[in-house]
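Report on one structure; see the data block that follows.
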Amino acid sequence: MSRYKLGKKVATKLEEVATLRREGRFDVVADRSPPTPVNLRPSGPTVGLESKFEEVWGCLGEGVWIIGLYGLGGVGKTTLMTQINNALYKTTHDFDVVIWAVVSSDPDPRKVQDEIWKKIGFCDDIWKNKSQDDKAIEIFQILNKKKFVLFLDDIWKWFDILRVGVPDICRKLEAGNLKVEANFAALRDQPFAAK
């Protein structure tokens, strides 16, 4: 290609760019980037949880679907979950997303749905105006296609995860893939502790 033809092409492209800049709408040039797969959570030094950490961490590598941590308040359940979360942040793993949601003593499924959605979608006005059932359907459709870790913190009583849209993973279980470990105190009669 001669310099003359190349120069003509450049001049034409520059005119097109100038026209697009004059007439174009550039309100949104790019969408928001998706959330990171794992958020690092603040934590301090811990004492005495190393063996429980290794036990729970080992379960994640074995394809275990449910791990329940239960016990009296203040024994380290949240601290242990935070350590596991932060270890997932620092290492390579097979999970598409790691979600942290606080259930609390007075569970509000919509708040839990919003926390889950912040990790798998964008919690905007459209999302906030949807019904609980519509939110559950959307969460279910996305999580059903993903390999995920869901940390539910501060559970005081039975909480139906299917109601918020978390897939019924018990139906996907193969023999041996349901483990409830790390009993911090003798509270095996709690209704929210899977057995």
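- Using a 4.5 Å heavy-atom threshold, the side chains of F151 and T82 count as separate.
- Remark: N39 CG to I99 CD1 distance equals 11.0 Å, nearest 0.5 Å.
- A donor-acceptor pair under 3.5 Å is absent between the side-chain atoms of N144 and the main chain of P167, judged by distance alone.
- Taking CD of E16 as the reference point, atom CZ of R21 lies at 14.5 Å (rounded to 0.5 Å).
- The shortest heavy-atom contact between L152 and F159 is CD1-CD2, 4.4 Å.
- In terms of modelled atom types and a separation under 3.5 Å, the side chain of N86 and the main chain of S43 share no donor-acceptor contact.
- Under the 4.5 Å side-chain heavy-atom criterion for ILVMFWY residues, a single connected hydrophobic cluster contains both V102 and V149.
- Taking CD1 of I84 as the reference point, atom CG of L69 lies at 8.0 Å (rounded to 0.5 Å).
- For the pair V98 and F148, the minimum side-chain heavy-atom distance is 4.5 Å or more.
- Residue V103 comes nearest to V112 through the heavy atom pair CA-CG2, 4.2 Å, listed as atom of the first residue, atom of the second, then distance.
- Screening residues 94-116 for side-chain hydrogen bond (donor to acceptor under 3.5 Å, both in side chains), with sequence neighbours left out, gives D114-W127, D114-K135.
- In this structure, K77 contributes its side chain and L72 its backbone to a donor-acceptor pair below 3.5 Å.
- Between V166 and L150, some side-chain heavy-atom pair lies under the 4.5 Å cut-off.
- To the nearest 0.5 angstrom, I120 atom CD1 is 10.5 Å from Q141 atom CD.
- Note: L162 CG to I139 CD1 = 11.5 Å, rounded to the nearest 0.5 Å.
- Of all heavy-atom pairs spanning V38 and K119, the tightest one is N-NZ, 3.9 Å.
- Applying the ring pair (Phe, Tyr, Trp, His ring centres under 6.0 Å) criterion to F95, with sequence neighbours excluded, gives H93.
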Going by atom type alone, with no hydrogens or angles, which donor-acceptor pairs under 3.5 Å involve a side-chain atom of residues 1-12 and a protein atom two or more places apart or on another chain?
unit_1 : atom_1 : unit_2 : atom_2 : d
S2     : OG     : K5     : N      : 3.3
T12    : OG1    : K8     : O      : 2.8

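- Note that CD of Q132 and CZ of R163 are 5.0 Å apart. Values are rounded to the nearest 0.5 Å.
- Counting heavy atoms from C-beta on, the side chains of W57 and L80 never come closer than 4.5 Å.
- A continuous path of ILVMFWY side-chain contacts below 4.5 Å connects F53 to V56, so both sit in one hydrophobic cluster.
- Cluster membership check: W117 does not share its hydrophobic cluster with I137, using side-chain heavy-atom separations under 4.5 Å among Ile, Leu, Val, Met, Phe, Trp and Tyr.
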